[in-house]
Peer 1: 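Sharing a structure, written as structure tokens. Questions coming.
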Amino acid sequence: MSDTRQNAPARILGLFETICLIRAFEERAEECFDAGLINGSVHQYIGEEAIGTGVCTNLRHSDYILSNHRGHGHSIAKGADPEAMMKELMGRVGGTSGAKGGSMHIADFSVGMLGANGVLADGLTMGVGAAQAIALKGEDAIVTVFVGDGTTNRGPFYEALNWAMIYELPIMFVCENNQYASSTVTRTITAGDGPTARAKAFGMPAFDVDGNDVVAVDELAADLIGRVRGGGGPHFLHARTYRVKGHISRDKMLYRPDGETEERFKDEPLGRCATWLVANGVDPAEVERARNSAYARIDAAVEAAKAAPFPDAGLAYADVQDFGPPEPWSPAGGAP
Amino acid sequence: MSDTRQNAPARILGLFETICLIRAFEERAEECFDAGLINGSVHQYIGEEAIGTGVCTNLRHSDYILSNHRGHGHSIAKGADPEAMMKELMGRVGGTSGAKGGSMHIADFSVGMLGANGVLADGLTMGVGAAQAIALKGEDAIVTVFVGDGTTNRGPFYEALNWAMIYELPIMFVCENNQYASSTVTRTITAGDGPTARAKAFGMPAFDVDGNDVVAVDELAADLIGRVRGGGGPHFLHARTYRVKGHISRDKMLYRPDGETEERFKDEPLGRCATWLVANGVDPAEVERARNSAYARIDAAVEAAKAAPFPDAGLAYADVQDFGPPEPWSPAGGAP
Amino acid sequence: MTEMTFADAVREGLAEEMRRDPLVWALGEDLSTAHGGTSANQYLGLIDEFGPKRIVNTPISENTIMGAAVGAAVAGTRPVADLRMADFAMCAVDELVNQAAKIRYMFGGQARVPLVVRQAIGMRKGGAAQHSQSTEAWYVHTPGLVVVAPATPADGRGLLKSAIRADDPVVYMEHKDLWMASGEVPDDEGLVPIGQARTLRTGTDLTIVSWSKMALLADEAAQTLADEDGVSAEVIDLRTLWPWDRKAVYASVRKTGRLLVAQESVQVGGFGAEIATDVTEHCPDALATHVRRIGAPRMPVPYAEPMENEFRVTPARIVAKARESLGA
Amino acid sequence: MTEMTFADAVREGLAEEMRRDPLVWALGEDLSTAHGGTSANQYLGLIDEFGPKRIVNTPISENTIMGAAVGAAVAGTRPVADLRMADFAMCAVDELVNQAAKIRYMFGGQARVPLVVRQAIGMRKGGAAQHSQSTEAWYVHTPGLVVVAPATPADGRGLLKSAIRADDPVVYMEHKDLWMASGEVPDDEGLVPIGQARTLRTGTDLTIVSWSKMALLADEAAQTLADEDGVSAEVIDLRTLWPWDRKAVYASVRKTGRLLVAQESVQVGGFGAEIATDVTEHCPDALATHVRRIGAPRMPVPYAEPMENEFRVTPARIVAKARESLGA
Ligand SMILES: Cc1ncc(C[n+]2csc(CCOP(=O)(O)OP(=O)(O)O)c2C)c(N)n1
Ligand SMILES: Cc1ncc(C[n+]2csc(CCOP(=O)(O)OP(=O)(O)O)c2C)c(N)n1
Ligand SMILES: [Mg+2]
Ligand SMILES: [Mg+2]
């Protein structure tokens, strides 16, 4: 990114803009979901924006990220166009994935975002493969994979850590510990001292950070990404945060104690970043301007998405495979 | 088992008899394989007998074990009948699995041996389930699962460790580290400090032992099994050993440095146990008698197996399933 | 009879079996939380009655959910493993196919594997490629497995109960779009025998065979054929896919002389091809024209509605295919 | 032409593609050791020429072997992932079916997934239930995948080369019993086009369609029919299962009027049912009698030889089935 001193207010203001953009996108996406404009499931990143933001700002355009089901924030932070993303959510022409994927299958290869994923942990095994491709081609790019705390109980998570270490791949694993796995408190299904201890068991350098503090995430990510890029091999970043919203937009969160959400929301990253900026001499008006321009940009994206047409039905048959693609319905009815 | 002092010569002599029984079984099995009497693959346990022997002697008849592809020794140590096993290997009537399974699918539920396995790591996930069944039924039995060092790189291994800890199951994991995974040196594909460190990452008590020293294995296993039975939750036993033979009987071991086998064979457990016995006052003649009677018993088993008939072809259709079992070939040829 | 949703009826059936047999238990992700299973609250409240040893909230560990179920079944209990969706169940195909389906056989009959594995199938609006698959054809092709795919609340409850009592591993496939659909459920035990089809509608001109949600769409199509063409179509809901009720299908085909098999899943290599081939082999003389089948194009399920509809086997498309058969 | 074994020919083909394109690489268990892949030394010596970055010896981590191949393909290389046996490949069905097969589509064509996944199929004497399975039917039913199953050294080499050059994910199924079988291999590039069948023997009375090792047994059966019955059977080796060469099969059936499909795998729900149904749909008037098929009983593969033989589709059984068709 820029070469400004790591926590220079100007730099953090830039991160604040990204946080606001993600927050605005998620809030509007939820409104559109409630309005029936979006099908399927929408997993909100609200309250976790500082992680994707603080990590991706230290990545290059040529670096790859692999995301999961909660990928809107990762995509925006890596540089995907929110308008194309909103079109994808609404299933319109111009969507990032041609309206074939929806919220859980957003990808933008033009900015190195190799895809959200509807299957937990698969981004990890694909991530080490992408890193192997980089090594084979002799590029100096690196890979970052985002994984949730609950997903650290799936076997492929471990296989990928072991694999990354054996081949000394240029990859960073970012565990977003929002303390929930769907309606389950992750602690209740996770043995031992957690993600960092598990990564260390493979000899992988692993570090904890307050995931709601974008300044801290930015600082640690810059350090670890520098090491990975410098040939230091795989590193593991464990960010503590909190899933402010339901698991998906429909989620009533009956499993959560009254008041917990409100209590934890006091710690949310957007407000904390704004406070930091003012405390570090940034004019509150400028902070407000940043926030407003983010919402304005997302509102425009929503309008553009609403105005965009639905794709032709016939496009369903495109991009399946070169050999033996599907045949459309015959007038007689049956698929061939 | 008996209540003799843990390493009393009488007790160790009993373990020596089991070691000899396994050794004899494996040597004869290989001869029968070379003679064309056995199909499929035979995975030799030679050089690793002290582990299964030292562990299983501390288990009760009502306890369960789950094994893997290298399961002959585990089966014999848990009390399976070598003659029925030899019949299984030769595909004869009277085989432990009705001649339907062969070497990789030996099981003897009558002694709590829930099965060898042709798919790596599946015994681990099945093992925690068996332990859950014990807990649900309120029995005081425990489960022991044997796993190879190479298999500790498969995801299900980790899932099972986490699972066992969460539900505080009565289970012990025994990792037989023979330093090879097929033709690969396990060290080259395994990151970090190895199995024990990995188990500890889940908060599981884990211990190392010289797997070629049956006295040491017996002592540690007795301790850990006692803890598991006493409600101490899952424990992990890591036994260092060496795979003296090829991965399977056909294996020419071209990947192994000249002399390595011979050098490491000096440390093999049968000889070490014999030496210990004599050093601890057992009459060498008695040791020799024990060895000879083991070979005599296996030779008789081989003869009985050779003399046993092959099963009727029609038995192939039995024991598939109650609902919708297979229909035999119609005279016309096609299966229904 | 009581009116209830599919999800409620199946939950009732599970609770009844758990009361009847203390060795019956369930495991899966989110089963014991206040949502009682996130998809459709299929386990709501069961934790209060049966406690955490029998309603087991698991880690996200599909291999172990399936593998533990196998081990627990072999060790004498009757687990109901919930893998949530057939798509995620792909993470545990090994434990289901290499272990559950083969253990009884490989070990020469020493063990039984009395487990039920629940895998929701089918499209749900906007589900897209990884949350919409119907993989029944894979498991029908797998020796050792029983496969059921009920279409109504009564069958959902009755077949789950029979599956739990069976000593075979049973793949229980419930359609996501059916969870909230209501229907009459008998107040008695209401067991539905494995392997027995149900005739949704009797007819004389054409037989339509289907299962799961598609059976209901087939019935809609039959109504249209009656209204618009004066055609009398017989609609058979197989309910069990292996072993499927060949007797019932043969009898119907011998009566109507025409057969159409309708499935939601991809047509190429689907279960419909097995039915078509089997009936052609066993009732060659009864068929007035060759068997017709209808299924989805061989493509992943797309997201945007206009494209998504191209994947759908609709009543209108079934009607068109039926007319092709009737016109031949 | 040069005489060589299937294993050698396929290794040659892989080496040629790796020389041609530096982005082609292979990964799997034991690939780089002195055995060059434990099953049949299919990678022997390649480590010396291409080094450890392109002949990657992996941990026992099936999910990651498959998943890494997908990620590496998406990131611009052409991996050949070896899962050793179709039975073990069941541990990686998710990565193959949910990721490799769908990524191009789900992401709207932004990415291609040019990978080959090798999965040995078929019975090998004494292999028993977990080392003998043939699962081609699952993958033919899976949108996004190409499936090939060559029967000769020349086709093994030529199809591997075409699979490596294809931008689609290709499931490459080699039969364990064929690895050591020898045959003539062309000295030129010898590419075999995906989707093109090969006629092993021309005939006029009956068409037998098969693939992999079974195609060779079908040819033996045809010889018996010629010798003992004076019947002229045409034998077609599909070589590619998806997309299979319907044109060639239709043309043959239009000539002979009779079709028998022979497969080693379990008959119920097998690929044979798809061929039978498709041909019945598209050539109804050409068929003098309904299509016959032959496949294994729906049971796991047993170990002891007498029982094992009950699972086998033998030339004698093919002949009996063919006579049934010819007599009708
Ligand atoms: C293999 C698989 N199992 C289950 C699911 C269903 N599922 C989707 S998200 C989720 C919870 C994931 O929790 P975590 O990893 O902590 O990520 P978070 O949602 O908290 O960001 C589950 C169980 C899935 N998509 N894939
Ligand atoms: C899932 C799976 N992958 C691969 C194989 C093939 N295979 C059989 S044994 C073996 C090596 C196992 O090594 P280790 O776990 O150390 O056990 P050991 O053979 O040394 O006792 C391999 C790769 C298999 N049977 N199952
Ligand atoms: Mg979480
Ligand atoms: Mg080993």
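Residue numbering restarts at 1 for every chain, and letters A, B, ... go by the order of the sequence lines. All values derive from a computational prediction rather than experimental measurement.
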Peer 1: Side chain, backbone, both or neither: which part of A/Asp312 has a heavy atom under 4.5 Å from chain C?
Peer 2: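 Answer is backbone: N, CA, C or O of A/Asp312 sit under 4.5 Å from chain C.
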
Peer 1: Select one option (side chain, backbone, both, neither) describing which atoms of C/Val313 are under 4.5 Å from chain A's heavy atoms.
Peer 2: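 Contact with chain A involves both backbone and side-chain atoms of C/Val313.
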
Peer 1: Mind listing the closest non-hydrogen atom pair of A/Pro326 and C/Pro297 along with its distance?
Peer 2: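 Taking every non-hydrogen atom into account, CB-CB, 4.3 Å.
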
Peer 1: Return the CZ to CD distance between A/Phe310 and C/Glu308, rounded to the nearest 0.5 Å.
Peer 2: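 Answer for the CZ-CD pair, A/Phe310 versus C/Glu308, is 11.0 Å.
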
Peer 1: Starting at NE2 of C/His35, measure out to NE2 of A/His247 and round the result to the nearest 0.5 Å.
Peer 2: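 Going from NE2 on C/His35 over to NE2 on A/His247, the span is 10.5 Å.
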
Peer 1: Strictly distance-based, threshold 3.5 Å: is any side-chain N or O of A/Asn153 a donor or acceptor partner for the main-chain N or O of C/Ser61?
Peer 2: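 Checked: no pair found.
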
Peer 1: With a 4.5 angstrom heavy-atom cut-off, could you sort out which part of A/Met104 is near chain C: side chain, backbone, both or neither?
Peer 2: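 The answer is the side chain of A/Met104.
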
Peer 1: Is atom NZ of C/Lys176 surrounded by more than 12 heavy atoms (other residues, nucleotides or ligands) closer than 6.0 Å?
Peer 2: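 Counting other residues, nucleotides and ligands, NZ of C/Lys176 exceeds 12 neighbours.
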
Peer 1: Hey, what do you get for OG (A/Ser41) to NE2 (C/His131), rounding to the nearest 0.5 Å?
Peer 2: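 With rounding to 0.5 Å, OG (A/Ser41) is 6.5 Å from NE2 (C/His131).
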
Peer 1: Shorter than 4.5 Å, heavy atoms on both sides: which option in A/Pro156, A/Ser183, A/Gly102 has the most such pairs with chain C?
Peer 2: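 Among A/Pro156, A/Ser183, A/Gly102, the one with the most close pairs to chain C is A/Ser183.
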
Peer 1: Determine whether the aromatic ring centres of A/His105 and C/Tyr303 lie less than 6.0 Å apart.
Peer 2: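 No.
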
Peer 1: Between A/Leu120 and chain C, with a heavy-atom cut-off of 4.5 Å, which part of the residue counts as in contact: side chain, backbone, both or neither?
Peer 2: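 Answer is side chain: those atoms of A/Leu120 sit under 4.5 Å from chain C.
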
Peer 1: Could you check if a side-chain atom of C/Pro59 sits within less than 4.5 angstrom of a side-chain atom of A/Arg154, using non-hydrogen atoms only?
Peer 2: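 The answer is no, as the side chains (C-beta and beyond) never meet within the 4.5 Å cut-off.
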
Peer 1: What's the spacing between A/Ile189 CD1 and C/Asp30 CG if we round to 0.5 Å?
Peer 2: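 Here the interatomic distance stands at 7.5 Å.
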
Peer 1: Is a side-chain N or O of C/Glu310 found less than 3.5 angstrom from the main chain of A/Ala316, in a donor-acceptor match?
Peer 2: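 Absent.
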
Peer 1: Looking at CG of A/Asn39 and NZ of C/Lys125, how far apart are the two atoms once the value is rounded to the nearest 0.5 Å?
Peer 2: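 Answer for the CG-NZ pair, A/Asn39 versus C/Lys125, is 5.0 Å.
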
Peer 1: If you count heavy-atom pairs under 4.5 Å with chain C, which of A/Gly40, A/Ala99, A/Pro311, A/Ser97 comes out on top?
Peer 2: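 Ranked by contacts with chain C, first place is A/Ala99.
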
Peer 1: What part of A/Ile38 lies closer than 4.5 angstrom to a heavy atom of chain C: side chain, backbone, both or neither?
Peer 2: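 The answer is both parts of A/Ile38.
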
Peer 1: Would you say that A/Val320 contacts C/Pro300 through its side chain, given a criterion of any heavy-atom pair below 4.5 Å between the two side chains?
Peer 2: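 Result yes, sub-4.5 Å side-chain heavy-atom pair found.
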
Peer 1: Do the non-hydrogen side-chain atoms of C/Met299 and A/Glu327 ever get within less than 4.5 Å of each other?
Peer 2: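 C/Met299 does not reach A/Glu327 side chain to side chain.
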
Peer 1: Where do A/Ser182 and C/Arg84 come nearest, in terms of heavy atoms and distance?
Peer 2: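 Residues A/Ser182 and C/Arg84, closest heavy atoms: OG-NH1, 4.4 Å.
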
Peer 1: Can you tell me which portion of C/Ser32 sits under 4.5 Å from chain A's heavy atoms? Options are side chain, backbone, both or neither.
Peer 2: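 No part of it gets close to chain A.
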
Peer 1: Count the heavy-atom pairs under 4.5 Å between each of A/Gly150, A/Gly98, A/Pro325, A/Ala121 and chain C, then report the option with the highest count.
Peer 2: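 Counting heavy-atom pairs under 4.5 Å, the top option is A/Gly150.
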
Peer 1: For the CG atom on A/Asp34, are there more than 12 heavy atoms of other groups (residues, nucleotides or ligands in this structure) within a distance under 6.0 Å?
Peer 2: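 Enclosed: over 12 neighbouring heavy atoms sit under 6.0 Å from CG of A/Asp34.
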
Peer 1: Are A/Thr184 and C/Asn57 linked by a side-chain donor-acceptor pair shorter than 3.5 Å?
Peer 2: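 A donor-acceptor contact under 3.5 Å links the two side chains.
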
Peer 1: What's the separation between atom OG1 in C/Thr33 and atom OH in A/Tyr180, rounded to the nearest 0.5 Å?
Peer 2: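 If we round to the nearest 0.5 Å, C/Thr33:OG1 and A/Tyr180:OH are 10.5 Å apart.
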
Peer 1: Would you say that A/Trp329 contacts C/Thr314 through its side chain, given a criterion of any heavy-atom pair below 4.5 Å between the two side chains?
Peer 2: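 They are not in contact (no side-chain heavy atoms under 4.5 Å apart), so the answer is no.
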
Peer 1: Looking at C/Asp48, I'd like to know if its CG atom is crowded, meaning that more than 12 non-hydrogen atoms belonging to other residues, nucleotides or ligands lie closer than 6.0 Å.
Peer 2: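 Yes - once you tally the heavy atoms of other residues, nucleotides and ligands closer than 6.0 Å, there are more than 12.
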
